[in-house]
2 protein chains.
Amino acid sequence: MPHTYQYARAALTVDGVVFGLDAGELKILLIQRALEPFKGKWALPGGFVHVEETLDAAARRELAEETGLADVFLEQLYTFGAVKRDPRERVVSVAYYALVKLSDHAAKAATDAAKAEWFPVSRLPQLAFDHADIVALALTRLQGKVRYQPIGFELLPPKFTLSDLQHLYEVILGTELDKRNFRKKVLGFGLLVPLNETQMSGRHRPAQLFRFDADKYEKLKKRGFNFEL
Amino acid sequence: MPHTYQYARAALTVDGVVFGLDAGELKILLIQRALEPFKGKWALPGGFVHVEETLDAAARRELAEETGLADVFLEQLYTFGAVKRDPRERVVSVAYYALVKLSDHAAKAATDAAKAEWFPVSRLPQLAFDHADIVALALTRLQGKVRYQPIGFELLPPKFTLSDLQHLYEVILGTELDKRNFRKKVLGFGLLVPLNETQMSGRHRPAQLFRFDADKYEKLKKRGFNFEL
DNA sequence: TCAAAAGTGTTCTTGATACACCCATGC
DNA sequence: GCATGGGTGTATCAAGAACACTTTTGA
């Protein structure tokens, strides 16, 4: 049953920039397009927003359908509305970015989707539409946000070492950090709980494992606490 | 000539939260709705996005049409997509916020629009749709952004005193600031140019007028300079 | 001469930075 | 026993916070 409108309407889509940390590199999940336009090119997972679903729901649904990801950290990024960004017709896209723990999701992502692949942000293939712009903005946002909100933990497994955490920040921010200062600061927040476990990974001293205390963070946040770097 | 689509599409609108500084208060420009739904209620200026115009262009056009404002600082805020946010049909709105110098625009705004009025953010009337949410988010964004980007000057006249600037920050952030520390810091950036003018305003010592050196800021920014508080 | 806002420096405290060595383990 | 990353403390420096009095003007 086709719908009729007096004026032409833009189509509405969502697109997702999915970040993951893999082998010490920051990566993004891309889909190879099966259809024109840009057939065969790599693109962000995404698709049309249904009339009876919120934008967030559409973003989550598309992620699930195209990549098998569920229960990820997801946040709206920006809405892209250049007139010719899609060669077929006017399409406005609400972009999201997501942070996933590859430990959870690596397996699923591989099986479900037709052709989904992780690419290091530093070596992306050519992207369809204006998706390169979207990725660039997502990266800037991630770099900004990671400094004053503890979202980095969304990229790590539930149990991690301080070195894991430091490398995460170094990769995202593109800087080197001093080990002692980093540890002093991050432990100073009192949001990392040392576990009764260590992690062995090669012929050297095993590393203490920690988890992030999200509950405590929420409580502190309400009292005006500020996580920074 | 009506358009036909296979699936129902959401309508796309833009809405603008226009901030202005008036009589030492932070205010927002609202429009009284002439039509249902929410007839008679106050709402953000905004309207439908045309098929051949960018989102930014739509936001500027609506501001001009409904409030007479042009050439204002304008930045995308967030896109609101709750399913029932408009009782008639599905409407997704890309929200913007704008900063205007009342010195420039007060006159125009008064004449052009049917019923536009400035309301202090602390005493807003009941708003149509989910516009109260949009305003709340805009305020949060403004408070965040004003700390690390020199956008406050968009709310001041081209020539201003340091007290004007300090009061602006105090009003936006809702805090009191120490006069000496504030001046030390803000002058330390070297972005305020003292003019050969003073401003008399009552029976006390006249105040030095400054202008913000936007060119110099742009150059510094490219070299990694960081404006902060 | 008084009221009212403009303008100005110093001390103290806090947080950021710089920096080098010992520890536990696997091979 | 050696290579590898894990783990720790202190001294210095810079920036932020606290704080009070003099200046200029109009009435």
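All chains are named by letter (A, B, ...) in the order of the sequence lines, taking the proteins before the strands, and each is independently numbered beginning at 1. Side-chain atoms are counted along with the backbone in the values below, which use heavy atoms only and exclude waters and symmetry mates. Not measured: the values here are computed from a predicted model.
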Quick one: does [X]'s side chain have a donor or acceptor within less than 3.5 Å of a partner on [Y]'s backbone?
X: R60(B); Y: V72(B); value: yes
X: D178(A); Y: N181(A); value: yes
X: Q32(B); Y: K41(B); value: no
X: K101(A); Y: P158(A); value: no
X: R141(B); Y: L77(B); value: yes
X: H131(B); Y: A43(B); value: no

Value in whole Å for how far the [atom2] atom of [N] lies from [atom1] of [X]:
X: L177(A); N: dA18(C); atom1: CG; atom2: P; result: 11 Å
X: M200(A); N: dC23(C); atom1: CE; atom2: C1'; result: 14 Å
X: E176(A); N: dT17(C); atom1: CD; atom2: P; result: 15 Å
X: D178(A); N: dA20(C); atom1: CG; atom2: P; result: 11 Å

Whichever of H204(A) and L209(A) has its nearest DNA chain D nucleotide further upstream toward 5': H204(A)

Pull out every protein N or O sitting under 3.5 Å from an N or O of nucleotides 13-16 of chain C, one pair per line with the distance.
unit_1, atom_1, unit_2, atom_2, d
dA16(C), OP1, K185(A), NZ, 3.1

Nucleotide interval of DNA chain D bounded by contacts with chain B (heavy-atom cut-off, under 4.0 Å): dG16(D) to dA27(D)

Among Y148(A), F189(A), F212(A), the one residue meeting ring pair (Phe, Tyr, Trp, His ring centres under 6.0 Å) with F227(A): F189(A)

For L29(B), the option from L63(B), V100(B), V18(B) that meets side-chain contact (heavy atoms from CB on, under 4.5 Å): V18(B)

Sugar-phosphate, base or nothing in reach of S163(A), heavy atoms under 4.0 Å: sugar-phosphate

Side-chain donor/acceptor of R180(B) to base of dA6(C), under 3.5 Å: no

First of P206(A) and K179(B) reached from the 5' end of DNA chain C, by closest nucleotide: K179(B)

Which residues share a salt bridge (Lys or Arg N to Asp or Glu O under 4.0 Å) with E218(A), sequence neighbours left out: K221(A)

